[in-house]
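Report on the structure given below.
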There are 2 protein chains.
Amino acid sequence: MKLSEKSRSRQDYLKAILSLELNGAKVSTTSISEKLKTKPASVTGMFKVLSDLGLIEYIPYRGAELTKPGRTEAISLMRKHRLWETFMVENLGFKWDEVHEIAEQLEHIESKELIDKLDAYMGYPSFDPHGDPIPDADGNLCDRRKLVQVNMLKQGDTASVQGVLGSSDTFLRHLGDLGIRLGLVFTVMRVFEFDGSIQVEFEDEDWNMKEMTWSKKLVEQLLAELK
Amino acid sequence: MKLSEKSRSRQDYLKAILSLELNGAKVSTTSISEKLKTKPASVTGMFKVLSDLGLIEYIPYRGAELTKPGRTEAISLMRKHRLWETFMVENLGFKWDEVHEIAEQLEHIESKELIDKLDAYMGYPSFDPHGDPIPDADGNLCDRRKLVQVNMLKQGDTASVQGVLGSSDTFLRHLGDLGIRLGLVFTVMRVFEFDGSIQVEFEDEDWNMKEMTWSKKLVEQLLAELK
DNA sequence: TTAATAAATTAGGCATGACTAAAACGCGCA
DNA sequence: TGCGCGTTTTAGTCATGCCTAATTTATTAA
Ligand SMILES: [Mn+2]
Ligand SMILES: [Mn+2]
Ligand SMILES: [Mn+2]
Ligand SMILES: [Mn+2]
């Protein structure tokens with residue numbers, strides 16, 4: 001077995017494992033195969049490779065866990081992913097639903113100098129366009145901003161959109177269609193118990209006050225910061 | 001054979017073929033294998049693949065030639081390579097000898113939107129940090145700036161450093177060691193017939209006039225624009 | 001305690017893109 | 001015309017990472 005080899009595939013597995021661990025979920029071959037759109041049998045094979053490389057602790061039929069080096073690598077990938085996303089949105093003018101797939105590629109560029117200089121160039125941002133925290137150059141990961149799901153808000157609350165749960169492009173695109181963007185300040189006018197939807201009021205791009213009703217499904221995935 | 005597949009390997013072959021064609025050299029399996037640090041037998045294999053994909057015209061024992069689609073793809077790679085190099089030097093503060101290897105990775109990122117927005121962000125630069133022209137979004141490649149090799153200059157000529165021949169990192173690093181950078185304005189004081197070296201005068205970073213003797217090997221690879 | 005079921009692993013293949021060694025080719029020169 | 005040598009291709013392997021199908025294991029319910 002050739003040690004010390006990096007590869008896009010291995011790195012995507014490490015990232016997927018980290019993501020499940022951060023959610024407190026069990027890292028099974030099935031859960032990983034769903035995330036990466038492969039098959040459980042393929043995951044078993046990769047678990048062996050990563051285990052031989054010392055990047056995960058793998059007990060057959062029991063699941064996997066990142067080792068110190070594995071976690072370091074995974075966090076570095078997360079850092080790169082989020083910094084590139086931030087660059088694309090803040091500097092290049094992409095919308096927040098357009099950058100995930102491209103960052104999925106950019107995160108594999110091997111150069112610590114590059115990512116650290118990009119970080120400095122942007123002034124060391126703390127959060128990516130989806131509200132997720134960006135690990136610093138030493139791999140320190142701060143908590144997600146103390147945000148609340150919008151469905152927890154009560155009538156009269158004023159808050160600003162600061163993130164989303166998950167990273168579904170269709171959801172982000174839907175938000176875009178409705179004119180919901182990061183930083184949008186809105187006030188909860190009414191909460192409908194019947195279907196869990198809420199009526200909100202906010203200023204649109206043309207400075208006009210606008211009323212809108214957000215569905216239960218939408219507000220459950222939308223994160224905001226209370227004013 | 002799975003058509004329509006992109007891959008880093010195939011793309012590097014296309015770039016290597018384009019580079020040889022632009023130099024007017026014959027595209028043989030040996031020449032490509034030297035450029036890519038593979039073996040001629042491997043090149044034969046890849047020539048077949050690229051030929052099946054319609055990206056090159058390949059006649060066994062005769063060599064290869066880019067087709068229209070192949071050339072388009074290769075020029076797009078060249079565009080991406082040079083734009084990323086420019087970004088790293090102009091925006092991130094890299095030196096011109098540090099960016100080639102990283103651009104070798106970045107050029108494979110698949111996203112026309114990304115590279116076009118990066119191009120716009122930088123104000124549509126025409127030349128990369130090594131003086132090479134950057135193809136535009138439609139694949140139009142203008143000529144290299146009409147530069148002269150420094151060994152062709154005569155006593156009393158004043159010129160500015162605008163590029164290098166080839167892309168050897170050791171050469172670029174050597175230039176850096178001597179304080180020779182893009183845009184440096186210098187005057188030829190003497191030309192030594194004996195060994196082809198020339199004595200020049202220029203202002204260093206601290207605004208002091210500085211004299212230096214450049215070797216024949218150095219000035220042959222250094223390109224400048226006459227004032 | 002055992003049987004059924006769901007999850008995970010093994011076995012066997014395939015595609016890509018490298019490699020080495022051996023055979024075939026093509027071109028210049030006698 | 002034909003020989004010789006350097007170039008190129010072919011043949012056969014290997015590593016990676018994916019797949020499907022068959023088998024094994026863990027867990028849960030009877
Ligand atoms: Mn990725
Ligand atoms: Mn993100
Ligand atoms: Mn490359
Ligand atoms: Mn260049």
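In what follows, chains are A, B, ... by sequence order, proteins preceding strands, each numbered from 1. Not measured: the values here are computed from a predicted model.
- For D:dT7, neither phosphate oxygen OP1 nor OP2 lies less than 4.0 angstrom from any side-chain nitrogen or oxygen of B:S28.
- How far CG of B:L106 is from CG of B:L83: 11.0 Å, rounded to the nearest 0.5 Å.
- The side chain of B:T29 contributes an N or O atom lying less than 4.0 Å from OP1 or OP2 of D:dT8.
- With salt bridges taken as basic N to acidic carboxylate O contacts below 4.0 Å, one links A:D12 and A:R8.
- Taking the six-membered ring where tryptophan is involved, the planes of A:F87 and B:Y121 are perpendicular, since the angle between them exceeds 60° and thus also 30°.
- Of the candidates C:dC25, C:dG17, D:dG17, C:dC25 carries the atom nearest the B:Y61 side chain, counting heavy atoms from C-beta on.
- Nearest to the side chain of A:K48, among C:dT10, C:dA18, C:dT9, sits C:dT10.
- Salt bridge annotation for A:E107-A:R82: absent, with no cationic side-chain nitrogen under 4.0 angstrom from a carboxylate oxygen.
- Residue-level contact check: B:F47 touches neither bases nor backbone, having no heavy atom under 4.0 Å from any strand.
- What separates OH of A:Y13 from C1' of D:dG17 is a distance of 8 Å, to the nearest Å.
- Checking C:dT9, D:dT27, C:dA18 against the side-chain heavy atoms of A:R62 singles out D:dT27 as nearest.
- Distance A:L50 CG to D:dT16 C1': 13 Å, rounded to the nearest Å.
- Taking a 4.0 Å limit (strictly below) on heavy-atom distances, residues 30-45 of chain B reaches DNA chain D at B:T30, B:P40, B:A41, B:T44.
- With rounding to whole Å, A:R8 atom CZ is found 13 Å from D:dG17 atom P.
- Cation-pi check for A:K117 over B:F94 is met; the charged atom lies under 6.0 angstrom from the ring centroid and within 45 degrees of its normal.
- Between A:D128 and A:R79 there is no salt bridge, since none of the side-chain N atoms of the basic residue sits less than 4.0 Å from a carboxylate O of the acidic one.
- Candidate nucleotides D:dT8, C:dA18, C:dA8 were compared by shortest atom distance to the side chain of A:K26, and C:dA8 ranks first.
- The pair B:R173-B:D177 does not count as a salt bridge, with every side-chain nitrogen at least 4.0 angstrom from each carboxylate oxygen.
- Summarising the geometry, the separation between CG on B:D12 and P on C:dA18 is reported as 9 Å, rounded to the nearest angstrom.
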